[in-house]
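Working notes for the structure below.
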There are 2 protein chains.
Amino acid sequence: MSVLRTGVSFAAPHPSSQRDAGASWLNTILKGDCVAALEKLPSKSVDLVFADPPYNLQLGSDLHRPDQSKVDACDDHWDQFESFEAYDAFTRAWLLAVRRVMKPDASLYVIGSYHNIFRVGAMLQDLEFWIMNDIVWLKSNPMPNFRGKRFTNAHETIIWATKSPQAKPTFNYDALKAFNDDLQMRSDWYLPLCTGSERLKDAGGQKVHPTQKPEALLYRILTASSNPGDVVLDPFFGTGTTGAVAKKLGRSYVGVEREQDYIDAARARLEAITPNDPSALEMHKGKRAEKRIPFGTLLETGLLEAGTRLTCAKGRHEAIVRADGSLKAGPHTGSIHKVGALVQGQDACNGWTFWHTGSGTKKAPIDDLRKEIRSRLQA
Amino acid sequence: MSVLRTGVSFAAPHPSSQRDAGASWLNTILKGDCVAALEKLPSKSVDLVFADPPYNLQLGSDLHRPDQSKVDACDDHWDQFESFEAYDAFTRAWLLAVRRVMKPDASLYVIGSYHNIFRVGAMLQDLEFWIMNDIVWLKSNPMPNFRGKRFTNAHETIIWATKSPQAKPTFNYDALKAFNDDLQMRSDWYLPLCTGSERLKDAGGQKVHPTQKPEALLYRILTASSNPGDVVLDPFFGTGTTGAVAKKLGRSYVGVEREQDYIDAARARLEAITPNDPSALEMHKGKRAEKRIPFGTLLETGLLEAGTRLTCAKGRHEAIVRADGSLKAGPHTGSIHKVGALVQGQDACNGWTFWHTGSGTKKAPIDDLRKEIRSRLQA
DNA sequence: CTCCCGTCTGAATCAAGCT
DNA sequence: GAGCTTGATTCAGACGGGA
């Protein structure tokens, strides 16, 4: 649930610190096992969860490139599970812990590969989460398949889910569409791996975390499913990519992490970040966010007069405006929407874009008159 | 196991008819339930399985496009299951039946969407299949999300598995690499839907099957994981796309299908096919080459920061970049293109060339930043 | 003949607010 | 909470007709 809906102010860079001044866990990293640490959070307290759980990679012997160099694979102890049953039990436990702290309309994003994502997805469904989308992160620069025995594993899968089918999660549709050059955002995201200066390295030049995610991935998830001031939880915080993007975008974060090395790296990273200016963080909203203007207002303000003849775009249908704000088209009377639907023999119709004033080249939808009213109201 | 390895000749268009002259089930469609029908096949008899099981879509009420036309959804009885438990039991049964008839080194490909693929994948692992890859079919022309409530569901997932980790499945690595302009074939395949003349229609012009797959998809799978003369099984044969591609490519097929209408359509389709039709050999060269870069990518990658001031070439108009990828110029907000049009009072505008960063002699169109991204993605 | 424009359609878990 | 009203919402590609 966004601050916009609850009516709480979000002028400050970190508005959540105002709203939840008493919540000491905000913008912190909790050290420990994810299930145990999450017990410290109140139930229904986070708006968005991003989880990058262990992938349960079942690597055999070492892998070498054609030039005999050894591939630095992810063979950390935290990625090892004895069996699918053990992995399922682990998955079930952290999903239930996360579920408790999610607000009713919160979103959960989980990323994984074919080693674990099917088990995670099935468990989500078993626990009665509701899947909204699966998203594929297409890697522009994946690791090639050196042995030529499989397809280059060039993607990972992200599942977007809510707590129930009834949830109304934040989805900044209009912002994403503007972001994507006025096309709907699709379920396939083409993004590079986390490399170069973004990749955290230790003093010896070794990568700090084997599977650090690119900030661009989190940027898109937070833009899609959160608003400024929201609380974002990452139960497998690692080196803090989720926190870094949350801070940049004016969201609050909570991280859970077991390894002290990762926590240290994440703290240093987070301290160095300057949040974006709040004015740049406003989300682009489409028509849905605009104030409703009743059709009758056009008559009251004199923009339209009773008795005016309206037509559809092609002139096939016409109707007369009546002083009470209703339309009459032959035997049909009612609202602009109802009469628009009736004359077309359809169930529904948006009267604002269906009905037009004027004729020939001067024909214009009555929605233009509504826009005129809106601009007057702003001034 | 391929004929190449077993040394069997494959000169004839239907070499399998020589090898298995006594196998009456080759190149036929078995009518009936998939589990029962597969009992008629000997164990360890097929080289490749492609399965397109019911997705268990769980659709609610009708869906209409913005123009009020009704979406012709897949609401057939065979796609309905009472519960996840029922779907799991169904999945387990057909997977076991398929497992029995697979040769030890055979490959299994299963396609699905987020509604079912996680359950299928988890069941595959539970039954000790070994996953080689998951592959995403990116649809060039998916159905949009009409209500603007989710990401456009623009892909389906295909799992490639073998019977065990020890299996040595056919994988025509070099053929695929040549096929893909000397690049390794990746796990993301960009292909159009099955439409136009390829889509089977009945006398009334209605689609015969609600979910007919494109031949290009099967073409790629058969090319990757089978050799001429191999036996390809499709336990959910539908209107016979698998059989059609198998016949064209000189493989033998076996199909199982319950619905007589689909069987009739598939028989007619298969009879009309001449093997080795080169027209089916063409691969769809997608937009991969000319990758579209959304404006928001500049923000995600940090090339442009939220709050940056953009101007037109002459400095007459200016706008502020917001973190969600939209612009704000006075009262106008929206995409770079929309806001560019609005400030000029025009209908359309190419925001990439209209908006500039910097000032004076350092002024440069944001298109330069896009070029920078493109060169990074290529590297 | 080509080009342009209108129409149709595809595996889809697709509304929100007020009375 | 049920019921009614308002009115927001689509991309690529195939195809057919007319200029």
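Here is how names work: the chains are called A, B, and so on, in the same order as the sequence lines, proteins then strands, and each is numbered from 1.
Taking the syn range as angles within 90° of 0, the glycosidic angle of C:dT13 is syn.
In this structure, the nucleotide among D:dT10, C:dT13, D:dA8 sitting nearest to the side chain of A:Arg370 is D:dA8. Closest to the B:Arg147 side chain, of the nucleotides C:dG10, C:dA11, C:dC14, is C:dC14. With D:dG7, C:dA12, C:dG10 as the choices, the nucleotide that has an atom nearest any side-chain atom of B:Lys207 turns out to be C:dG10. Listed nucleotides: C:dA16, C:dT13, C:dA11. Nearest to the side chain of B:Arg199: C:dA11. With C:dT13, D:dT9, C:dT9 as the candidates, the nucleotide lying closest to the side chain of A:Lys287 is D:dT9.
Nucleotides D:dG7 and C:dG10, compared at atom P, are 32 Å apart to the nearest Å. Between C:dT9 and D:dA8, the distance separating the two P atoms is 26 Å to the nearest Å. Comparing the P positions of C:dC14 and D:dA12 gives an interatomic distance of 23 Å, to the nearest angstrom. Only the P atoms considered, C:dA12 is 32 Å distant from D:dT6, to the nearest whole Å.
For A:His337 and D:dT6, the shortest distance from a side-chain N or O to OP1 or OP2 is not below 4.0 Å. Residue A:Lys314 has a polar side-chain atom (N or O) positioned under 4.0 Å from OP1 or OP2 of C:dT7. Checking the phosphate oxygens (OP1, OP2) of C:dA16, a side-chain nitrogen or oxygen of B:Lys149 falls inside 4.0 Å.
By the 5.5 angstrom centroid cut-off and the 30-degree plane limit, A:Trp130 is classified as stacked against the base of C:dT13.
The pairing partner recorded for C:dT9 is D:dA12, the criterion being a Watson-Crick or G-U wobble arrangement whose two distances lie under 3.5 angstrom. Base pairing analysis places C:dT19 opposite D:dA2; the two distances defining the Watson-Crick or G-U wobble pair are each below 3.5 Å. For D:dG18, the paired nucleotide is C:dC3, the pair qualifying as Watson-Crick or G-U wobble because both relevant distances are below 3.5 Å.
A:Ser335 comes within contact range of the sugar-phosphate backbone alone, with a heavy-atom separation under 4.0 Å but no base atom that close. Within 4.0 Å (heavy atoms only), B:Pro53 reaches at least one base atom of the nucleic acid. Counting non-hydrogen atoms under 4.0 angstrom, A:Cys349 reaches a base of the nucleic acid. Counting any heavy atom pair closer than 4.0 Å across all strands shown, B:Pro142 reaches a base atom.
Rounded to whole angstrom, the span from the CG atom of B:Asn116 across to the P atom of C:dA12 amounts to 13 Å. Across the protein-nucleic acid pair, A:Gln184 atom CD and D:dT10 atom C1' stand 6 Å apart, rounded to whole Å. Atom CE in A:Met185 sits about 12 Å away from atom P in D:dC11, given to the nearest Å. For the pair B:Leu59 CG and C:dG10 C1', the interatomic distance rounds to 13 Å; values are reported in whole Å. B:Leu193 has its CG atom 19 Å from the P atom of C:dC8, to the nearest Å. Taking atom CG on A:Asn350 and atom P on D:dT10, their separation rounds to 12 Å, with Å as the unit.
Both B:Gly196 and A:Thr353 lie near DNA chain D, and the one whose nearest nucleotide falls closer to the 5' end is A:Thr353. Residues B:Met143 and A:Gly351 each lie close to DNA chain D; by heavy-atom proximity, the contact nearer the 5' end of the strand is made by A:Gly351.
Residue side chain A:Arg288 does not reach the base of D:dG7 through any donor-acceptor N/O pair under 3.5 Å, judged by distance alone. Side chain B:Arg150 to base C:dT13: a donor-acceptor pair is found below 3.5 Å.
Ion pair A:Lys285/A:Glu290 not flagged as a salt bridge, since none of the NZ, NE, NH1 or NH2 atoms sits closer than 4.0 Å to an Asp/Glu carboxylate oxygen. A salt bridge links A:Asp126 and B:Arg119; the closest N-O separation between the charged side-chain nitrogens and carboxylate oxygens is under 4.0 Å. Salt bridge B:Arg65/B:Asp67: absent, no basic N to carboxylate O contact under 4.0 Å. For the pair A:Asp367 and A:Lys287, the salt-bridge criterion is met [side-chain N within less than 4.0 Å of a carboxylate O].
The OG1 atom of A:Thr223 sits 7.0 Å away from atom CG of B:Asp324, with the distance rounded to the nearest 0.5 Å.
The minimum heavy-atom distance linking A:His356 with A:Lys363 is given by the pair CB-CG, 3.4 Å.
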